[in-house]
Visitor: 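Supplied in structure tokens, the structure appears directly below.
Position 1 is the first residue of the sequence; numbering continues from there. All values derive from a computational prediction rather than experimental measurement.
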Amino acid sequence: MPTPPLILLLSGSLRAGSTNEAVLRTAQALAPAARVRAVRYDGLAGLPHFNPDEDADPLPRPVAELREAIDRADGILICSPEYAGTLPGSFKNLLDWTVGGTEIVGKPVAWINAAAPGRGQGAEATLRTVLGYTGAALVEPACVRIPVDRGTLDAEGLVTDPEARRQLVRVLGLLAGREDTPPPEDRAAAPHELNLWRRQLGKVPAPVWRRTELQILILADNGLTDLPPDIGRLRRLTTLDLGHNHLTAVPDELGALTGLTGFLYLHDNRLTELPASLGRLTLLRYLNVGENALTALPDSLGRMTSLRELRAQHNRLSALPDTLGHLRDLRELWLRGNALESLPASTADLHELRHLDLRENALAELPPPLARLPRLRHLDVRGNRLTRLPEWLLDLPALEKLDLRWNPCARATPLLTELERRGCVVLL
């Protein structure tokens, strides 16, 4: 049975009885209410001082363990004090060790400021700067201030304030990629949301299709094998989560949900194709069809022109539709674990693309259309068949990180030396 998203909790304090630790312990306790798992990282004190000479395989064991923890996580929540107007040195050291890897690239990250009102802005400013260098995906609505007084902690050191606890549940939900999800005690305050996550339903209860006022419907992890055409009745939906089920198909009526503006989750099912009607979802911003058995994406994908992020990792794609280039606002494209040997020429029109994950495909060369992506910052082509690199890599003005590991290409060339001289992190 698929497990809920995993949130890694990072404390910036080494102090016993730290309120920052209390916040994260509370977040861990509230994780089930947010439909996530949460684990606290406890290796801060054991990290060696950052040394670029040691940022190479084999990494120091504490650093390798940190990066593995980040890689396993689906999101990261930070709570750090402020010392001398900035982050504590020990926590800045932790972040320095993340820059040379790609584990944090594109990873949803947020922070909580637990300091008293008027304090902590320096730590926030430093976090924003450093996380920008690491390539993390900052989730702005989840970066919040939750002042904590030690007098409000219970005997177990957990935060007792109801409002603070509600905010923590909300933050965890946002980091998991969901819309704002109130905790169970607040369900009455959200009449336009229906959360049926992990209820072992087997099929969607018929009364759901009469809830035409719904804006958010969560049906994830229910063992669903069929989605009836009735889904088309819910025309007001802005977010629909059908992930972690056993669906082998979705009906054409899914395309009737033209009000979907937020998220559509179809990942971790058994889909072999997608209906062309999805092209009608022209306002949708996030689409996840990863972890299925798709051999192709529909040509109608090109009509989904509001997409900011498309995830189609771990399918059986050997090609992408020529209409891909119509997604002019696309910023992230995740295609890991497919069978792609090339990209369509229209990829050159994705001028807003920042992050491209082509890890574990069948590329024998870097696709030439990438040469025309002016905003591309992170390019991950680990585990392909690359034997040489094109000179046009030097013409990518925004490239900050190029991951070439597990390819048979040369490890030392003038081209790579020049990229590194310009400040691009190259991993071989």
Side-chain angles (χ1 to χ4, degrees), residues 177-179 192-194 196 204 208-220 224-245 247-313 315-317 319-335 338 343-344 346-347 349-353:
R178 301 190 182 96
E179 294 282 336
H192 300 302
E193 175 182 344
L194 181 58
L196 296 174
V204 182
V208 169
W209 310 126
R210 296 196 291 270
R211 297 284 304 275
T212 55
E213 81 286 358
L214 286 176
Q215 297 176 5
I216 299 173
L217 176 58
I218 300 169
L219 293 166
L224 303 179
T225 58
D226 176 67
L227 184 69
D230 304 80
I231 186 67
R233 299 180 186 177
L234 307 184
R235 301 293 181 91
R236 297 185 182 181
L237 284 180
T238 60
T239 288
L240 175 61
D241 189 347
L242 292 164
H244 305 303
N245 281 295
L247 298 172
T248 56
V250 291
D252 286 339
E253 285 76 8
L254 200 61
L257 305 182
T258 54
L260 284 174
T261 57
F263 303 85
L264 175 57
Y265 297 96
L266 295 170
H267 62 292
D268 193 20
N269 277 283
R270 299 171 182 175
L271 302 175
T272 57
E273 62 179 353
L274 298 172
S277 63
L278 283 188
R280 298 174 60 191
L281 307 182
T282 57
L283 301 178
L284 189 69
R285 289 176 293 174
Y286 177 100
L287 175 62
N288 190 343
V289 295
E291 291 83 39
N292 279 289
L294 300 172
T295 57
L297 298 178
D299 288 339
S300 62
L301 177 75
R303 299 204 299 270
M304 303 175 72
T305 53
S306 294
L307 280 181
R308 301 295 192 275
E309 183 170 340
L310 172 60
R311 291 180 176 256
Q313 66 276 10
N315 278 285
R316 301 172 185 172
L317 303 174
L320 299 176
D322 291 334
T323 57
L324 180 70
H326 296 169
L327 307 181
R328 302 297 174 85
D329 290 331
L330 195 67
R331 297 190 175 199
E332 298 185 24
L333 181 56
W334 300 77
L335 296 166
N338 281 287
L343 295 178
S346 67
T347 305
D349 296 324
L350 301 178
H351 292 168
E352 293 297 323
L353 195 66

Visitor: Going from OH on Tyr286 to CG on Leu264, what distance comes out if it is rounded to the nearest 0.5 angstrom?
Guide: 10.0 Å
Visitor: Please verify the inter-ring angle class for His267 with His244; under 30° counts as parallel, over 60° as perpendicular, anything in between as tilted.
Guide: perpendicular
Visitor: Determine whether a donor-acceptor pair (N or O, by modelled atom type, separation under 3.5 Å) exists between the side chain of Asn315 and the backbone of Val289.
Guide: yes
Visitor: Is there side-chain contact between Leu227 and Asn245, with at least one heavy-atom pair below 4.5 Å?
Guide: no
Visitor: Backbone N or O of Asn269 within a donor-acceptor pair of the Asn292 side chain at under 3.5 Å?
Guide: yes
Visitor: For Arg311, give me all partners under salt bridge (charged side-chain N to carboxylate O under 4.0 Å, His left out), at least two apart in sequence or on another chain.
Guide: Glu309
Visitor: Considering only heavy atoms from C-beta outward, does the side chain of Val250 approach that of Leu278 to under 4.5 Å?
Guide: no
Visitor: Who are the salt bridge (charged side-chain N to carboxylate O under 4.0 Å, His left out) partners of Glu352, not counting sequence neighbours?
Guide: Arg354, Arg375
Visitor: With a cut-off of 6.0 Å (strictly less than), are more than 12 heavy atoms of other residues, nucleotides or ligands near CD of Glu273?
Guide: no
Visitor: What I'd like to find out is whether the side chain of Thr258 reaches to under 4.5 Å of the side chain of Leu283, using heavy atoms alone.
Guide: no
Visitor: So, does Ser346 use its side chain to make a donor-acceptor pair with the main chain of Asp322 at under 3.5 Å?
Guide: yes
Visitor: Has the side chain of Arg285 got a donor or acceptor atom that lies under 3.5 Å from a matching backbone atom of Thr261?
Guide: yes
Visitor: To the closest 0.5 Å, what do you measure between CG (Leu317) and CG (Leu297)?
Guide: 5.0 Å
Visitor: Heavy atoms only: give me the nearest Pro298-Pro275 pair and the separation to one decimal.
Guide: CG-O, 4.1 Å
Visitor: Taking all atoms of both residues into account, what is the closest heavy-atom pair of Arg303 and Arg280, and its distance?
Guide: NH2-N, 4.4 Å
Visitor: Atom CG in Leu330, atom OG1 in Thr305: separation rounded to 0.5 Å?
Guide: 11.5 Å
Visitor: Under 3.5 Å, side chain of Asp349 to main-chain N/O of Gly325, donor-acceptor pair present?
Guide: no
Visitor: I need the minimum non-hydrogen distance between Ser277 and Pro251, along with the two atoms involved.
Guide: OG-O, 4.4 Å
Visitor: Would you check if Gln313 and Asn288 make a side-chain contact, meaning some heavy-atom pair closer than 4.5 Å?
Guide: yes
Visitor: Is it true that a side-chain atom of His192 and a backbone atom of Glu213 form a donor plus acceptor pair closer than 3.5 Å?
Guide: yes
Visitor: Identify which one of Leu219, Leu217, Ile218, Leu234 satisfies the side-chain contact (heavy atoms from CB on, under 4.5 Å) criterion when paired with Leu194.
Guide: Leu217
Visitor: Is it true that, when you exclude Arg236 itself, more than 12 heavy atoms of the residues, nucleotides or ligands shown sit nearer than 6.0 Å to its CZ?
Guide: no
Visitor: Identify the two heavy atoms, one from Met304 and one from Leu287, that lie closest to each other, and give their separation to 0.1 Å.
Guide: CE-CD2, 4.0 Å
Visitor: Between Leu320 and Leu343, is a side chain to side chain contact (heavy atoms under 4.5 Å, CB included) present by the stated rule, with each step listed?
Guide: CA-CA 7 Å; Leu320 299 176; Leu343 295 178; 3.8 Å; yes
Visitor: When rounded to the nearest 0.5 angstrom, what is the spacing between CG in Leu274 and CG in Asp252?
Guide: 11.0 Å
Visitor: Within the structure provided, determine whether Leu301 and Leu324 are in side-chain contact (heavy-atom separation under 4.5 Å).
Guide: yes
Visitor: What is the minimum heavy-atom distance between Trp209 and Val204, and which atoms define it?
Guide: CZ2-CG1, 3.4 Å
Visitor: Starting at CG of Asp329, measure out to CG of Leu353 and round the result to the nearest 0.5 Å.
Guide: 11.5 Å
Visitor: Looking at CG of Leu284 and CG of Leu257, how far apart are the two atoms once the value is rounded to the nearest 0.5 Å?
Guide: 10.0 Å
Visitor: Look at the side chain of Thr272 and the backbone N and O of Ala293, then say whether any donor-acceptor pair between them is shorter than 3.5 Å.
Guide: no
Visitor: Given 3.5 Å as the limit, does a donor-acceptor pair link the side chain of Thr323 with the main chain of Asp299, or not?
Guide: yes
